[in-house]
Amino acid sequence: MDFVRDIAAIGLADEVEAGGKGANLGELTAARLPVPAAFIVLRSGYLEAMRRSGVADDLAAEHRAALAAVGDHAQLAQRCDRLHALVAKAGMPEDLEAQIVHAYDGLGGADGPALVAVRSSATGEDSASASFAGMNVTATNVRGAADVVEAVRSCWASLFSPRAETYRAERKFTGEPAMAVVVQVMVAAERSGVAFTADPGTGDESRIVIEAARGQGEVVVSGAVEPDHYVLAKEDLRILESHTGKQGFAIVRSVDGAGDRTIEVDADDQGRALDNEQVRAIARLAMAAEKHYGRPQDVEWAIEGDRIWLVQARPITTLGTVQAPHTDTGEGTALVTGLAAAPGVASGAVRVLAGPSEGQLLQDGEILVAEMTTPDWVPTIRKAAALVTDSGGVTCHAAIVARELGVPCVVGTRTATKDLMDGQIVTVNGGRGRVVAGAVTRPVRADEVAAAPRARVTTATKIYANLAMPDIAEAVAAQDVDGLGLLRAEFLLTSALGGRHPHDLIARGEQEGFVTRMADSLGGIASAFAPRPVIYRATDLRSNEFRGLTGGEQYEPVEDNPMIGYRGCFRYIREPEMFALELAALARVREQYPNVHLMIPFVRTRWELEACLELVDASPLGRARGLHRWVMAEVPSVVHWLPEYIGLGIDGVSIGSNDLTQLVLGVDRDSQLCAEVFDEADPAVLATIEQIVQTARAHGIPSSLCGQAPSTHPNFAEHLVRMGITSISVNPDAIDTVRRTVAAAERRVLLDAALNAQR
């Protein structure tokens with residue numbers, strides 16, 4: 001099985017296997033933005049290492065115990081030590097190590113082995129609902145295959161730090177964590193930092209915020225220094241604000257070319273790290289990333305010579321808030337001032353701490369004051385009423401986490417640890433960057449701050465979400481979304497199988513355990529969205545993917561082109577015992593959550609769909625009242641067969657534009673050589689989609705589209721609205737953007753109709 005993949009073969013659709021960071025870097029590469037060469041050690045490699053070594057079950061049990069111990073520093077530390085020991089015991093499978101070494105050798109050149117950064121890319125990390133900012137390990141300036149392999153293992157172990165477990169508990173991520181790892185050619189950064197394409201403190205999307213420092217960007221994102229701070233107008237890139245920071249040291253590459261070293265930054269070199277043209281060039285690249293994704297982005301960048309590189313991008317996870325109201329916010333002479341990093345107002349007694357090891361001294365409701373806060377401070381931050389730091393900028397990890405946790409935050413005050421005293425009663429206004437004496441009558445947490453810079457938008461076209469990971473179900477359900485139009489079964493299935501092939505499990509008589517695990521995961525998602533619909537797409541793993549599961553080589557064929565091979569509906573009727581397990585889990589969930597419905601993928605012909613529906617009818621699910629049966633429209637034959645599918649009792653059709661495009665245009669959607677041919681907006685593809693939508697309308701059933709195009713290119717949604725589609729299902733980070741695009745398109749359709757009527 002292949003556990004390693006080149007970054008050029010990765011996109012957002014691979015988020016489960018490549019993790020958030022890996023998927024985003026692959027997407028930036030596909031958009032032809034400047035990203036250093038890299039490869040991904042996939043999540044399946046981590047899972048296989050844990051499974052083969054026999055520690056997977058112990059890891060799961062110890063992880064659950066660690067989540068329960070959050071809040072008890074000593075017990076949580078003990079649990080995490082045990083988790084680290086289990087990962088160390090697992091080691092690295094020989095075949096996985098060989099694949100890593102081979103891929104690493106491919107990054108080298110005439111100068112010898114490459115210097116690389118080995119970067120965590122955990123499941124859910126850098127996603128629309130959670131950044132996991134700084135939670136997991138990154139190793140920089142690593143040279144040599146043995147050191148790269150060891151760095152990958154360190155990334156795996158960092159899944160289970162006290163700060164990461166605390167963050168998961170706070171964000172209510174209760175699933176089993178897993179880790180992909182990015183191995184990327186290292187940029188010899190002379191200048192680096194972060195760019196936000198919306199103001200992270202106020203949510204103002206007409207502004208770009210850039211923070212910069214000398215050397216590697218770790219000093220910016222960790223909050224170790226006060227970076228230079230720039231605010232630009234997005235419309236014309238005017239620099240509206242420019243604040244020179246204070247950087248006492250920088251992290252640079254060692255003289256021998258391996259590892260990092262810390263150097264002092266002399267007082268004479270304390271001027272601005274960037275000139276105005278560099279600031280604008282970074283802003284342009286950040287805006288290009290925003291345009292590609294269709295929503296505001298948090299972008300990390302680095303400059304080497306005259307080249308600007310993008311080394312990370314993720315959705316800004318904390319938009320939708322504005323600065324706190326100015327009434328009753330502790331007006332008066334400021335004791336200290338800094339950068340407004342997280343909105344909200346809080347009062348309490350000051351507690352000055354020197355490091356995260358003193359976290360137990362902070363009492364609930366006190367104001368945490370520290371020189372700087374690394375991600376290790378997260379268990380302490382969650383107890384604080386507010387956070388104030390000497391150093392750091394609004395884009396550092398601590399500021400991001402404070403915004404996500406709803407803790408008012410002021411950073412970069414320079415003197416807070418000296419000017420504020422333990423026990424002193426103060427008020428922190430995180431939206432204005434001020435700390436004043438005395439208390440207010442009512443605090444305002446960041447998550448209470450007026451969350452309506454945008455009013456709710458109503459659309460006739462329903463906006464659904466695509467989902468693969470149960471961990472983020474609650475966060476996605478909390479958005480302005482009408483339900484789940486595509487719940488991908490693959491992640492739920494492989495997790496419930498424990499990495500084993502279904503036939504291996506059946507042969508051992510362990511079907512009931514699988515059904516229980518599958519139903520528990522699916523039930524949690526159904527509960528989060530109830531009573532909104534959840535459309536469960538049955539498993540559509542291809543034979544090459546099934547072969548990668550334990551025992552898969554015994555049961556799976558070897559196909560030259562599995563993309564159009566043994567998959568979807570045809571597989572169900574050839575292997576009904578596998579399909580029956582899914583149907584049993586669905587039936588069990590529907591006993592409590594009737595909002596769950598079934599979708600059959602990759603349907604080619606009438607006879608195979610008829611046989612598949614007979615299996616559904618004969619199962620416990622077939623007796624479920626109100627069950628909707630959907631088909632995926634991925635094979636062009638659906639244009640001919642759809643009326644007959646509807647006659648068989650199909651209640652809805654969802655267009656899978658990724659597969660439909662590759663089959664209409666005859667191009668492998670995974671081919672890098674033919675990537676420029678793959679175009680979901682090609683007139684032939686649009687004409688096929690329109691025929692499907694019109695047939696659905698004529699027969700009175702709903703139509704949807706759940707491909708990638710509306711998520712990454714929101715204007716594609718207008719084509720669908722004009723066709724009369726009833727719903728669009730998009731990635732969670734595109735929900736808001738697509739809904740507004742759809743609303744605007746609906747208004748244009750009505751206006752066009754009114755104008756035509758007057759003619």
Report the C-alpha separation of Leu96 and Val41 in whole Å, then their side-chain angles, then the decisive distance to 0.1 Å, and conclude whether the side chain to side chain contact (heavy atoms under 4.5 Å, CB included) test is met. CA-CA 9 Å; Leu96 173 54; Val41 182; 4.0 Å; yes
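- Between Thr380 and Leu353, the closest side-chain pair of non-hydrogen atoms falls below 4.5 Å.
- A salt bridge does not link Glu205 to Arg295: none of the charged nitrogens lies less than 4.0 Å from a carboxylate oxygen.
- The side-chain hydrogen bond (donor to acceptor under 3.5 Å, both in side chains) check on Glu290 picks up Thr197, Lys234, with sequence neighbours excluded.
- Tyr46 places none of its side-chain heavy atoms less than 4.5 Å from the side chain of Val181.
- The minimum heavy-atom distance linking Ser121 with Met179 is given by the pair N-SD, 3.4 Å.
- Take Asp306 and apply the side-chain contact (heavy atoms from CB on, under 4.5 Å) test, not counting sequence neighbours, and it matches no residue.
- The shortest heavy-atom contact between Pro732 and Gln479 is O-OE1, 3.5 Å.
- Residues that satisfy the side-chain contact (heavy atoms from CB on, under 4.5 Å) test with Val410, not counting sequence neighbours, are Thr413, Val428.
- Within the 4.5 Å cutoff, the side chain of Val183 has heavy atoms near those of the Val148 side chain.
- Counting only distance, with no hydrogens or angles, the side chain of Asp390 and the backbone of Ala416 share a donor-acceptor pair below 3.5 Å.
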Audit row: Ile208, Leu237, side chain to side chain contact (heavy atoms under 4.5 Å, CB included) steps and yes/no: CA-CA 8 Å; Ile208 298 172; Leu237 298 186; 4.0 Å; yes
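- A donor-acceptor pair under 3.5 Å is absent between the side-chain atoms of Asp6 and the main chain of Phe39, judged by distance alone.
- Of the candidates Lys21, Gln312, Arg119, Arg119 is the only one forming a side chain to side chain donor-acceptor pair (under 3.5 Å) with Gln184.
- The CD1 atom of Ile7 lies 5.0 Å from the CG atom of Leu25; values are rounded to the nearest 0.5 Å.
- Counting all heavy atoms, side chain and backbone alike, Ala180 lies closest to Ile40 at CB-CG2, 4.2 Å.
- At a threshold of 4.5 Å between non-hydrogen side-chain atoms, the residues Leu285 and Trp309 do not count as touching.
- Side-chain atoms of Thr337 never come within 3.5 Å of backbone atoms of Arg434 as a donor-acceptor pair (strictly under, hydrogens ignored).
- Considering every non-hydrogen atom in both Leu107 and Ala37, the closest pair reads CD2-CB, 4.1 Å.
- Note that CG of Asn141 and CG of Asp147 are 12.0 Å apart. Values are rounded to the nearest 0.5 Å.
- With hydrogens and angles disregarded, no donor-acceptor distance shorter than 3.5 Å links the side chain of Arg238 to the backbone of Ala233.
- A side-chain donor-acceptor contact under 3.5 Å links Gln278 to the backbone of Asp275.
- Ala281 approaches Ile308 most closely through the heavy-atom pair CB-CD1, 3.6 Å.
- For the atom pair CG of Asn24 and CZ of Arg314, the computed distance is 9.5 Å after rounding to the nearest 0.5 Å.
- The line from CD1 of Ile10 to CG of Leu28 is 13.0 Å long, rounded to the nearest 0.5 Å.
- Between the side chain of Arg207 and the backbone N or O of Asp199 there is no donor-acceptor pair closer than 3.5 Å.
- Here the side chain of Gln297 pairs no donor or acceptor atom with the backbone of Ala289 at under 3.5 angstrom.
- Contact check for Tyr104 versus Pro113: side-chain heavy atoms found under the 4.5 Å cut-off.
- Using a 4.5 Å heavy-atom cutoff, the side chains of Leu274 and Tyr230 are in contact.
- Arg153 CZ to Ser158 OG: the interatomic distance, rounded to the nearest 0.5 Å, is 13.5 Å.
- Looking at Phe196 and Glu211, their side chains never come closer than 4.5 Å, going by heavy atoms from C-beta outward.
- Pairing each heavy atom of Ile735 with each of Asp480, the nearest pair is CG2-O, 3.4 Å.
- Looking only at atom types and distance, the side chain of Glu235 has no donor-acceptor partner in the side chain of Ser206 under 3.5 Å away.
- To the nearest 0.5 Å, the span separating OG1 on Thr417 from CD on Glu371 amounts to 6.0 Å.
- Residues Pro36 and Met186 form no side-chain contact, since every pair of their non-hydrogen atoms from C-beta on lies 4.5 Å or further apart.
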